[in-house]
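Contents: one structure, followed by commentary.
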Amino acid sequence: MLKTVQLANGETIAYRKRSGGGHPLVLVHGNMTSSKHWDLLMDALDEKFTIYAIDLRGFGGSSYHQPISSIRDFSGDVKLFVDALQLQTFDMIGWSTGGAVCLQFAANYPGYCQRLILLASASTRGYPFYTDLGTGNPVSFKRAYSYEEVLVDTSKTKLIQGFYHTKNREGLQSLWNSLIYTHHQPSKEKYEEYVEDMLTQRNLAEVYHALNTFNISVVDHEVAKGTHEALLLTIPILVLRGDRDLVITEKMNAELLQDLGKQAQFVGLKDCGHSPLVDDVAQLTAEIETFLEIGGRNYALKQ
């Protein structure tokens, strides 16, 4: 059941809460999803965890009064959210775009997040967006340098926005089958719920632009200079990526590990794509619970 909380910036954030023990855990979803997509993991995790899964601004049941322009806008909302709920210390899991949000949050607001898990996460150097500049011709592809260049793209932005506008559930399902659920799919009922949830997104182009310009590393890229904020991260971090992930490349994952250095440890998820939540929730749950218990303690002992 969705709950809501009013933020100090005027936005309303929807969230799902699973009550449990004294171990708070905040979940941050990725693009084209919301807190709904965490349902299988929320059911699987040990009851000692009290779980808060939020809908980012412009997704699910959350408001979208002020358009976002950066990942920092999302992480700022997360800060206001945890303050509104009086959550002072907790662990976090960020999936895909949510990984970038969690990284930005942990770097800018030290002391809140104690341990961070990055699941199929965007790189510390962002997720590059290539645009056809509205030509419909793949030969025209170039790295987008502005929001406007993202907005006119027909290969991704206008294609998916068209699915949203016409409520083309079959188109969305076909896209996810080709990129996300390539081997395993949710049950028919779950899949229908997930697709309905995708249709709630109101910020597709803005998220693409935010990811394209995200860069907290020490390495400048063609669109954004590195902010060096990754150096501010001093908490234990677990990086998880499926061996069949078609969205987050090995290169992006390598960037993440290089930029996070000794703070991070990597575990590959076997026979998993971009959604281990569906591909193998038991394997995913085991890695999460091991890290939050043994992994976190081992890290603390080494410091």
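FYI, side chains are in, hydrogens and waters are out, and symmetry mates aren't considered; it's all heavy atoms of this structure.
No continuous path of ILVMFWY side-chain contacts below 4.5 Å connects L103 to V218, so the two sit in separate hydrophobic clusters.
Among residues two or more places apart in sequence or in another chain, the side chain to side chain contact (heavy atoms under 4.5 Å, CB included) test is passed with E196 by R169, L199. With sequence neighbours excluded, no residue satisfies side chain to side chain contact (heavy atoms under 4.5 Å, CB included) with A286. Under the rule for a side chain to side chain contact (heavy atoms under 4.5 Å, CB included), the partners of E229 that lie at least two apart in sequence or sit in another chain are R72, Q104, A107, N108, I216, T227, L232.
Neither side chain, T166 nor N168, offers a donor N or O lying under 3.5 Å from an acceptor on the other. In the model, D132 has no side-chain atom that pairs as donor or acceptor with a side-chain atom of S155 under 3.5 Å. Side-chain atoms of E255 and N253 form no donor-acceptor pair, as typed in the model, at a separation below 3.5 Å. Side-chain contact check for N177 and Y191: at least one donor-acceptor pair (N or O, by modelled atom type) lies under 3.5 Å. A donor-acceptor pair shorter than 3.5 Å cannot be found between the side chains of D271 and H183. Remark: the Q88 side chain and the Y112 side chain contain no N/O donor-acceptor pair separated by less than 3.5 Å. Side-chain contact, S140 with T135: a donor N or O sits under 3.5 Å from an acceptor N or O.
In this structure, NE2 in H209 is found 8.5 Å from OG in S70, a value given to the nearest 0.5 Å. Here the straight-line distance linking atom CD1 of I180 with atom CZ of R244 works out to 11.0 Å at 0.5 Å rounding. The line from CD of E250 to CG of L257 is 11.5 Å long, rounded to the nearest 0.5 Å. Here CG of L240 is found 13.5 Å from CH2 of W95. Values are rounded to the nearest 0.5 Å.
Geometrically, K17 does not engage Y52 in a cation-pi contact defined by less than 6.0 Å to the ring centre and at most 45° from the axis. A cation-pi geometry, defined here as NZ or CZ lying under 6.0 Å from the six-membered ring centre and within 45° of its normal, holds between K156 and F141.
L56 has its side chain out of reach of S62: every pair of non-hydrogen atoms, C-beta onward, lies at least 4.5 Å apart.
Through chains of ILVMFWY side-chain contacts below 4.5 Å, Y145 is grouped with V223.
In K225, the NZ atom is not crowded: 12 or fewer heavy atoms of neighbouring residues, nucleotides or ligands sit closer than 6.0 Å. Environment of NZ in K3: sparse, with no more than 12 heavy atoms of neighbouring residues, nucleotides or ligands closer than 6.0 Å. In the displayed structure, E47 atom CD is contacted under 6.0 Å by at most 12 heavy atoms of other residues, nucleotides or ligands.
Here H37 and Y194 bring their ring centres to under 6.0 angstrom of each other.
Within the structure, no pair that satisfies the salt bridge (Lys or Arg N to Asp or Glu O under 4.0 Å) test touches residues 170-182, not counting sequence neighbours. The list of ring pair (Phe, Tyr, Trp, His ring centres under 6.0 Å) pairs with a residue in residues 58-85, not counting sequence neighbours, reads Y15-F81, H29-F59.
The minimum heavy-atom distance linking E206 with R202 is given by the pair OE2-O, 4.2 Å.
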